[in-house]
Amino acid sequence: MLRLLTPTLSSVCLALLILSPSISAAEDAQKLCPLPKGAVWTYKVERMTVSSGIKVTRKDAVVMSSQGGFRGKGTYTVLKWREFGKDHVIHVEFVGSKLKVNASKKKIFDSFDFANKKKLGSFKKLTAKIETGQTIQVKKAESIKTNAGQYTAIPVVIITKDVGLTVEKTLWFAKGVGPIKMVESITKDGGLSVNTYELESFIKAGKASGPGK
């Protein structure tokens, strides 16, 4: 809610829409990914792995908080959470309808533009059978149900390929709240991992927020 979760939840760093029938894909990125200092997002997480025909599932929770830390025009050092036994901090930059996410000055994924529904980025072919690279596509808003409530959210699909590795993430952004859901599918050397993050609650600067609150 950007292993792949300095990447994984890093990716989750995005946002929602409450009690509104639709969202314009041209929304300002900061409206779709609000990061007020003191905000806290709690996610229910389900992890599933399949390897050598053996399926394993487990459930846990991740709490992400906004630390503030404005740095320059539209750039924040904001999101912090603990996962896989490590503390993570990511930097988010808003440029109009574009959103960039970085961890420790390392680009997690190419910036994407909520106003552009075309696929961004491209894959580079290494051989006739193997290609690497990344594409990002912003899709039409849809209704998403979470434990925190029903939201209308814009899905962003990010596909990253490398030799022996394919990662596909779908992030749902809604206005005024924060990341509501992410589904990450990782295929590596014949094995499969699927991580699903679903918003349980959102607290905006000390006040719970969500449908009916």
Side-chain angles (χ1 to χ4, degrees), residues 1-16 40-65 79-90 101 103 106 108-110 112 119 121 123-140 142-151 153-174 177-202 210:
M1 266 336 261
L2 227 239
R3 312 187 338 183
L4 301 163
L5 219 153
T6 320
T8 288
L9 223 213
S10 348
S11 312
V12 167
C13 131
L14 314 182
L16 334 153
V40 178
W41 296 260
T42 301
Y43 297 90
K44 175 182 72 175
V45 185
E46 182 171 302
R47 309 185 196 279
M48 183 275 289
T49 59
V50 179
S51 181
S52 302
I54 300 173
K55 179 180 177 180
V56 178
T57 61
R58 69 186 181 94
K59 298 180 180 180
D60 56 27
V62 171
V63 178
M64 183 171 68
S65 61
L79 298 179
K80 184 176 182 180
W81 72 96
R82 185 170 181 81
E83 190 166 10
F84 304 125
K86 294 182 179 180
D87 291 322
H88 303 285
V89 177
I90 60 175
V101 182
K106 182 179 179 181
I108 295 172
F109 45 69
D110 292 332
F112 50 86
K119 283 189 178 180
F123 291 122
K124 274 188 197 173
K125 289 188 177 180
L126 297 183
T127 71
K129 295 182 179 179
I130 301 174
E131 56 185 9
T132 66
Q134 184 178 73
T135 64
I136 300 171
Q137 186 169 24
V138 177
K139 297 194 172 184
K140 288 182 65 174
E142 58 188 60
S143 180
I144 295 293
K145 186 176 182 179
T146 72
N147 285 344
Q150 188 91 19
Y151 299 92
I154 292 179
V156 177
V157 179
I158 302 170
I159 299 174
T160 304
K161 292 185 179 182
D162 205 338
V163 178
L165 173 69
T166 299
V167 180
E168 181 170 343
K169 300 178 184 181
T170 302
L171 310 167
W172 282 267
F173 298 74
V177 183
I180 58 166
K181 186 174 181 179
M182 181 182 77
V183 177
E184 175 189 57
S185 175
I186 304 168
T187 304
K188 183 177 181 181
D189 300 327
L192 172 67
S193 298
V194 179
N195 301 305
T196 302
Y197 294 76
E198 183 179 306
L199 187 69
E200 286 271 295
S201 66
F202 170 61

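These figures come from a predicted structure and were not determined experimentally.
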Chemist: Measure the CD1-OG1 distance between Ile159 and Thr170 for me, rounded to the nearest 0.5 Å.
Modeler: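 The OG1 atom of Thr170 is 8.0 Å from CD1 of Ile159, to the nearest 0.5 Å.
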Chemist: How far does CD of Gln134 sit from CG of Asp162, to the nearest 0.5 angstrom?
Modeler: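 Interatomic distance, Gln134 CD to Asp162 CG, rounded to 0.5 Å: 11.0 Å.
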Chemist: How long is the straight-line distance from NE2 of His88 back to CZ of Arg82, given to the nearest 0.5 Å?
Modeler: 8.5 Å
Chemist: To the nearest 0.5 Å, what is the distance between OG1 on Thr49 and CG on Asn195?
Modeler: 9.0 Å
Chemist: Which atom pair, heavy atoms only, marks the closest approach of Gly121 to Thr135?
Modeler: O-CG2, 4.0 Å
Chemist: Nearest heavy-atom pair of Trp41 and Leu79: which atoms, and what distance?
Modeler: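 It is CZ3-CD2, 3.7 Å.
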Chemist: Got a second to check how far Lys139's NZ is from Ile154's CD1, nearest 0.5 Å?
Modeler: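 Separation between the atoms: 13.5 Å.
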Chemist: For the side chain of Glu83 and the backbone of Val62, is there at least one donor-acceptor N/O pair under 3.5 Å apart?
Modeler: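 Not confirmed, Glu83 side chain does not pair with Val62 backbone.
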Chemist: Of the options Val167, Leu192, Leu165, which is the one that meets Thr187 in a side chain to side chain contact (heavy atoms under 4.5 Å, CB included)?
Modeler: Leu192
Chemist: So, for Glu142 and Pro155, which heavy atoms are closest and what is the spacing to 0.1 Å?
Modeler: OE1-CG, 3.5 Å
Chemist: Using 0.5 Å steps for rounding, measure from the CG atom of Leu126 to the NZ atom of Lys161.
Modeler: 11.5 Å
Chemist: Hey, is the main chain of Val183 close enough, under 3.5 Å, to the side chain of Trp172 for a donor-acceptor pair?
Modeler: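 Not confirmed, Trp172 side chain does not pair with Val183 backbone.
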Chemist: Can you name the nearest heavy-atom pair linking Leu199 to Tyr151, along with the distance?
Modeler: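 Result for this residue pair: CD2-OH, 3.8 Å.
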Chemist: Does the side chain of Gln150 come under 3.5 Å of the side chain of Ser143 through a donor N or O and an acceptor N or O?
Modeler: yes
Chemist: Please find the pair of heavy atoms, one from Ile180 and one from Ala153, that lie closest to each other, and give the distance.
Modeler: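 Ile180 and Ala153 have their closest heavy atoms at CD1-CB, 3.5 Å.
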Chemist: So which atom in Lys44 and which in Glu200 form the shortest heavy-atom distance, rounded to 0.1 Å?
Modeler: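 For Lys44 and Glu200, the tightest heavy-atom pair comes out as N-CG, 3.5 Å.
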Chemist: Test Arg47 against every option in Val56, Thr57, Asp60, Val194 by the side chain to side chain contact (heavy atoms under 4.5 Å, CB included) rule and name the one that passes.
Modeler: Asp60
Chemist: Quick test of your reading of the model: are Lys169 and Glu184 salt-bridged, counting only N-O distances below 4.0 Å?
Modeler: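 Result for this pair is yes, salt bridge flagged.
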